[in-house]
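Lettering of chains follows the sequences in order, A, B, ..., and the numbering in each one begins at 1.
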Amino acid sequence: MKIKKIYFPNTVREAVSLLGKKNSVYIAGSTYSFKNIPENTEIAICGRDLPISYIKKDQKYLILGAGSTFDQIEKNKLCSSLFDGLLSKAASACSSQLIRNMATVGGNLAHLNAFNLFPVLCSSLNANVRISLKGFSKIISWKELYLGRYKPGINCLITELLFPLNLSRNKFYFKKVSKIKSSWDSYITVCFRADIYKKKIKDLRLSVGAVRALPYIDEALEKDVIGKEINTELIKDISSRLESGVLSLHANSEINSYRASLAKNLSTDFLSGLMED
Amino acid sequence: MKKKELSLDKDGKFDISFVLNAKELKVKISGDETLLELIRRLGYKGTKKGCDTGDCGSCTVIVNKKATLSCIIPAFLVDGCEVTTIEGIGSISNPHPIQEAFVEAGAVQCGYCVPGMIMSTKALLDENGSPSDEEIKHALDGNLCRCTGYVKQIEAVNIASKKIKK
């Protein structure tokens, strides 16, 4: 690569004005970009000095600045208390301390990859994302990042992740499991959420990560069980349907069938725990 | 001081300045140079190149108080930053308590991963002077060792923690 110019913008506005230049690349935490920079890159735009590394709460949302690192999230009091500490727990399960020190949530969302943690968390917690474009910023659903219109680091910048606080009655569950700790091939991440009121399911989200680029969810299943009383039979049904769904993603893959059985067992574990509550 | 932009000079290099092991430096770098390549080029060869993909931790240095993988970050990212390598914390004649502890605990065999382990330990103990064994494992989980195993290092960090407190 022949980098000719390097920018360290210190306002979002400035950073956005630099995006989209020919042969430019945006570098957030640097765990991904630098080793994957296209050969023709001439301009590097570094997010290092942007004021987007905060974690705060307002009346509606828990807000993670996109420059927040996994280490910050793991150790932050809001992240370790809200949503049953789900975000801290998940951040702590990410890769290694060295990666957690560098990797940012914005980068994790921007480079869609089956192994990234934040898509599965966003999917489970109905997250929104604030993006800045030339001249304005807007809030979109996290999923819209992958529909082709918004290209983080190219025509927009992810500046915040917004987790709605209206899930207070929910119970949360996060697990990252693999056959062996360092295996990239066999692991699965699950992020589950359920609102059970008077033994009846009011809301359910079973999000399974690391099985494909976007997390797997079965919206029909989640809709079907609303209003139903939680019991052993229902749990068995839900878990089996989740297993079948994951299995259908890669029918002849041994690793995928292992993941599918994990999805079944972990969802059973989660839902059984709720029944006991 | 951090600059807002860097441009190529007439030799096709960038000028950056940063603090390396408490010494202010101005150096010329190329745009594709990693921090690891830069510090080794400057003669600080205690920092090791292992996987070169951010997986093994041999290249760990401390950048602005955080243990950082020098093999995957561009050198230009440390412009205006403070970097510490293994040479910056102790020497053969005047070892740091962490270095002494690694020797005492027998946490060194081939030694290739040890500079990285020590830098991760330094960052951990600077932030948390009395880590539990679980916290030590968590903080060192990015530093791979293929000959000593992972028990002696935990012992070493505990010894170091006590030495530093004295």
Which of A:S92, A:A44, A:C46, A:P9 touches chain B most, by non-hydrogen pairs under 4.5 Å
A:S92
Looking only at B:T60, B:I72, B:L8, most heavy-atom pairs under 4.5 Å shared with chain A are made by B:I72
Using a cut-off of under 4.5 Å on heavy-atom pairs, state which of B:A139, B:G116, B:G54 scores highest against chain A.
B:A139
Taking the six-membered ring for Trp, are the ring centroids of A:F192 and A:F270 within less than 6.0 Å of each other?
yes
So, do A:F70 and A:F118 have ring centers that fall under 6.0 Å from each other?
yes
Distance col, row B:S30:OG vs B:R41:CZ, nearest 0.5 angstrom, shows 7.0 Å
Distance (rounded to the nearest 0.5 Å) between B:D79 CG and B:K4 NZ:
13.5 Å
Under 4.5 Å from a heavy atom of chain A, the part of [X] involved:
X      : answer
B:S120 : side chain
B:E33  : backbone
B:V61  : neither
B:C81  : side chain

Quick one: do A:K35 and B:D52 make a salt bridge, cutoff under 4.0 Å?
yes
If you measure from the Lys or Arg side-chain nitrogens to the Asp or Glu carboxylate oxygens, is any gap between A:D71 and B:K66 under 4.0 Å?
yes
At a heavy-atom separation under 4.5 Å, does [X] approach chain B through its side chain, its backbone, both, or neither?
X     : answer
A:I27 : side chain
A:T69 : neither
A:E42 : neither

Is there a donor-acceptor contact under 3.5 Å from the side chain of B:T121 to the main chain of B:M119?
no
